Undergrad: 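First the structure, which I've put down as structure tokens, then a few questions once you've had a look.
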Amino acid sequence: MSRRTHISRSGTARPWVPAAAAYAALFIGILDIAKGVFPRLRGSRISEIASVLPGGVTTLAETASLLVGILLIMLAHALRRRKARAWRAVVVLLPVGAVLEVLHRHPVAASVSLLLWVVLLVGRREFYALSDPRSRWRALWNLLVLGAFDVVIGWILVAAQHRTVAGSPGFGDKVWHVVLGLVGLEGPVVFTSERTGDLVYFSLAGLGALTAVTTIYLALRPERPVAALSGDDERRLRALLDRYGRQDSLGYFALRRDKSVLFSASGKAAVAYRVVAGVMLASGDPIGDPEAWPGAIRRFLEEAGRHAWVPAVIGCGETGGEVWTREGGLDALEIGDEAVVEVAGFTLEGRAMRNVRQMVKRVERLGYTCRVRRSGDLSEAERERIRTAADSWRGTETERGFSMALGRFGDPADAECLVVTAHRAAPEGEQTPGGDVQAVLHFVPWGADGISLDLMRRDREADPGLNELLIVRALQAAPDFGVTRVSLNFAMFRSALARGERLGAGPVLRAWRGILVFLSRWFQIESLYRFNAKFRPVWEPRFLVYPTARDLPRIGLSALQAEAFLTLPGLGWGSGLFRRRRHPQAVSDVVTGGRRRAGRRAWRPSSGRP
């Protein structure tokens, strides 16, 4: 998010306060961890420096030092994100730490704590980002349930060591020993064996650390709203697409019903998004009147800043990227090219199309035929048969896609979508999910005169070359449906592959191309580019828009999660610590932005797009 937006939200001229507070907490946390992990540092100059910094409670025990260091590092990240909840936690903890420093006769450290406390109070308007309101109660339940579990387990652990306990401590002494041990302090129970004492001490401290870390995480994690497209939002988006849908081939994918949408103040432009792992992820260009795009983008960035989400856009075009970078103070990175075929210029004649022409004729000789229809022209029985077959051909448990996939088939609202099916009678006595349907392409509207590839799936036993036949028949039938341009797959890093093989390419470019070719063994980067190039397309660049380079890894992970190629375990009561893992699909679908792989190797028994 831009500095301009931060200042407008805070209403102050102290944008440095969150970063300064975060770096201070990070520095102190690292020192505390170092003191806890490396005992030799306690008598060094580092320990002397740490003694005059806040966090003096770490002087009480080694494990407490380690625990507080971890918590400070977690708070540092939340402070940098301007989390109001993190600010409240630090503002409460600093005076407590100052009192402890005074009790331990560390007046300098107490003064530093109070000074930081005053700085945070003065800059309180800079900490406005909201956390997930639901996580507040989850954090409380996590603390209570895990805390009770820790006390029970700790008491059992202490009681089990009764042979090495000095004296006869009562039930209350043992419970108090457990409670103190959970925060890294020594309790009233004394063990005759030093080894047993260390075992109990570090076990209790580990349980307490786990409880504290999970509680802080739940309390500070960013809000993850339920993404859902309301009926009213969908009607407004369709109205914008009817007027401005031809501007972006990805515009129709904003109608996924697991996306949220923000409209500009005028209602003439909108941005569809989903929040994943703290990243507010949009795809493609804004929808609607380009003159109203800045208003929708500003609303998007304000919403991201209010919740401390990282704003990002994947797969936007050149025009959209320019507006995003200008209005949001963001950066852009070219990530590949979209293959767009102009129907008027497409032909199977000529030497350049020889390979495609031969593949199509060979598949036709095997008895395959194709039909091209609008989705609304299919009977309910046909839609159900195709849907069932496509689901059975999918290699994963869930539909995939976010930026370049609709996520549904045969919905009455999508009557203008184009369906291309390949047919061949199944051998006698053999039952197939789709009957004679062997493969399907599904295109969504791209304005009034274009279509954009959404889904490409086939029977796992179908013959190679069927994908070429489907695409060729779709292009040949396009004029009958008023279609003049067809958007096919997205080729990741296409320009680098193309330039790297040209005469005169420099050593750096050749080395980068060599890396991409090597990665293509797993990610199908080069083969997808080669397949798209068969149809002589026009290459349209696509970009990733992001705030800073340090956010790129986080944005990449969120994109993988949004496209359903990566599933991380949930944390917190009700979410399930462990979730059922989905079958892995070829990673090449990730690098193509969710679009189905193409080419002969792409027709292996993995799922189609998405």
Side-chain angles (χ1 to χ4, degrees), residues 1-11 13 15-16 18-19 81-82 128-129 237 240-241 243-251 253-254 259-275 278-338 340 402-404 447 490 495 539-552 554-556 558-559 562 593:
M1 185 170 193
S2 66
R3 182 184 298 270
R4 178 174 63 254
T5 308
H6 276 156
I7 295 176
S8 64
R9 285 286 307 158
S10 64
W16 54 269
R81 294 292 181 190
R82 300 170 179 263
Y128 50 79
L237 280 177
L240 291 177
L241 288 171
R243 295 187 61 187
Y244 305 100
R246 76 182 316 275
Q247 294 171 340
D248 186 12
S249 64
L250 306 187
F253 299 124
K259 288 183 178 181
S260 301
V261 63
L262 289 172
F263 290 89
S264 63
S266 64
K268 295 182 179 180
V271 175
Y273 70 94
R274 189 190 304 164
V275 178
V279 176
M280 192 175 182
L281 199 62
S283 60
D285 294 345
I287 301 164
D289 187 351
E291 294 185 359
W293 285 4
I297 290 174
R298 284 194 294 269
R299 176 123 186 251
F300 177 88
L301 295 175
E302 288 172 1
E303 188 72 6
R306 199 163 70 91
H307 295 275
W309 295 328
V310 177
V313 187
I314 55 175
C316 67
E318 191 165 5
T319 301
E322 291 176 353
V323 181
W324 274 105
T325 55
R326 183 180 69 244
E327 295 298 325
L330 307 174
D331 291 323
L333 176 68
E334 184 176 345
I335 56 175
D337 295 88
E338 177 184 17
V340 178
F402 164 74
S403 57
M404 299 180 182
F490 172 74
S495 59
W539 297 104
E540 299 289 344
R542 290 282 173 177
F543 299 86
L544 168 69
V545 176
Y546 60 96
T548 62
R550 67 170 176 265
D551 292 313
L552 286 175
R554 187 177 182 183
I555 294 171
S558 71

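Residues: numbered from 1 along the sequence shown. The shown structure was predicted, so the numbers you read here are calculated from the model rather than taken from an experiment.
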Undergrad: As an exercise, state the distance from CG of Leu544 to CG of Leu552, rounded to the nearest 0.5 Å.
TA: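 One gets 6.0 Å once the value is rounded to the nearest 0.5 Å.
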Undergrad: Show, in sequence, the C-alpha distance, side-chain angles and deciding distance for Val323 and Ile297, and conclude whether the side chain to side chain contact (heavy atoms under 4.5 Å, CB included) test is met.
TA: CA-CA 9 Å; Val323 181; Ile297 290 174; 3.5 Å; yes
Undergrad: Is it true that Arg306 and Glu303 have a side-chain N and a carboxylate O under 4.0 angstrom from each other?
TA: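 Salt bridge present between Arg306 and Glu303.
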Undergrad: To the nearest 0.5 Å, tell me how far Arg550 CZ sits from Ile555 CD1.
TA: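 Result: 11.0 Å between the selected atoms.
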Undergrad: Shortest non-hydrogen contact from Gly328 to Leu301?
TA: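 It is CA-CD1, 3.2 Å.
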Undergrad: Considering all heavy atoms of both residues, which atom of Leu240 and which atom of Gly267 are nearest to each other, and what is their separation?
TA: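 What the structure gives for the nearest pair is CD2-O, 4.0 Å.
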Undergrad: Specify the closest pair of heavy atoms between Pro547 and Val310, including all atoms of both residues, with the distance to one decimal.
TA: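 Between these two residues, the closest heavy atoms are CG-CG1, 3.8 Å.
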Undergrad: For residues Val313 and Gly284, report the shortest heavy-atom separation together with the two atoms involved.
TA: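 So the minimum-distance heavy-atom pair works out to CG1-O, 3.5 Å.
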Undergrad: I'd like to know whether the aromatic ring centres of Trp539 and Phe490 sit less than 6.0 Å apart in this structure.
TA: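 They do not qualify: ring centres at least 6.0 Å apart.
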Undergrad: As an exercise, state the distance from NZ of Lys268 to CZ of Arg243, rounded to the nearest 0.5 Å.
TA: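 So the gap between those two atoms works out to 7.5 Å.
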Undergrad: Is the shortest side-chain heavy-atom distance between Ser283 and Lys259 below 4.5 Å?
TA: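 Answer yes - side chains close enough.
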Undergrad: Which heavy-atom pair separates Val261 from Ala270 by the least distance, and what is that distance?
TA: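 Heavy-atom minimum between the residues: CG2-CB, 3.8 Å.
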Undergrad: Does the pair Leu281 and Ile314 meet the rule for a side chain to side chain contact (heavy atoms under 4.5 Å, CB included), with working shown?
TA: CA-CA 7 Å; Leu281 199 62; Ile314 55 175; 4.1 Å; yes
Undergrad: Just one of Phe543, Phe300, Trp293 clears the ring-ring contact (aromatic ring centres under 6.0 Å, His included) bar with Trp324, so which one?
TA: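 Filter result, single survivor: Phe300.
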Undergrad: List the steps and the verdict of side chain to side chain contact (heavy atoms under 4.5 Å, CB included) for Asp551 and Tyr546.
TA: CA-CA 7 Å; Asp551 292 313; Tyr546 60 96; 5.5 Å; no
Undergrad: Given Leu237 and Ile287, is the side chain to side chain contact (heavy atoms under 4.5 Å, CB included) satisfied, shown in steps?
TA: CA-CA 8 Å; Leu237 280 177; Ile287 301 164; 3.9 Å; yes
Undergrad: Is it true that Glu327 and Arg298 have a side-chain N and a carboxylate O under 4.0 angstrom from each other?
TA: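 Yes, Glu327 and Arg298 are salt-bridged.
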Undergrad: I want to check something: taking the side chain as every heavy atom from C-beta on, are Pro290 and Gln247 in contact at a cut-off of under 4.5 Å?
TA: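 Sidechains of Gln247 and Pro290: in contact.
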Undergrad: Got a second to check how far Asp289's CG is from Ser264's OG, nearest 0.5 Å?
TA: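 Spacing of CG (Asp289) from OG (Ser264) equals 8.5 Å.
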Undergrad: To the nearest 0.5 angstrom, please state how far the OG atom of Ser249 sits from the CZ atom of Arg542.
TA: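 Reported value, rounded in 0.5 Å steps: 4.5 Å.
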Undergrad: Could you give the distance from CG (Asp285) to CG (Leu250), rounded to the nearest 0.5 Å?
TA: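 One finds 7.5 Å between CG of Asp285 and CG of Leu250.
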Undergrad: Where does the angle between the aromatic ring planes of Trp309 and Tyr273 fall among parallel (under 30°), tilted (30 to 60°) and perpendicular (over 60°)?
TA: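 Rings of Trp309 and Tyr273: tilted, 30 to 60°.
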Undergrad: Which heavy-atom pair separates Pro286 from Val271 by the least distance, and what is that distance?
TA: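 Closest approach of Pro286 to Val271: CB-CG2, 4.2 Å.
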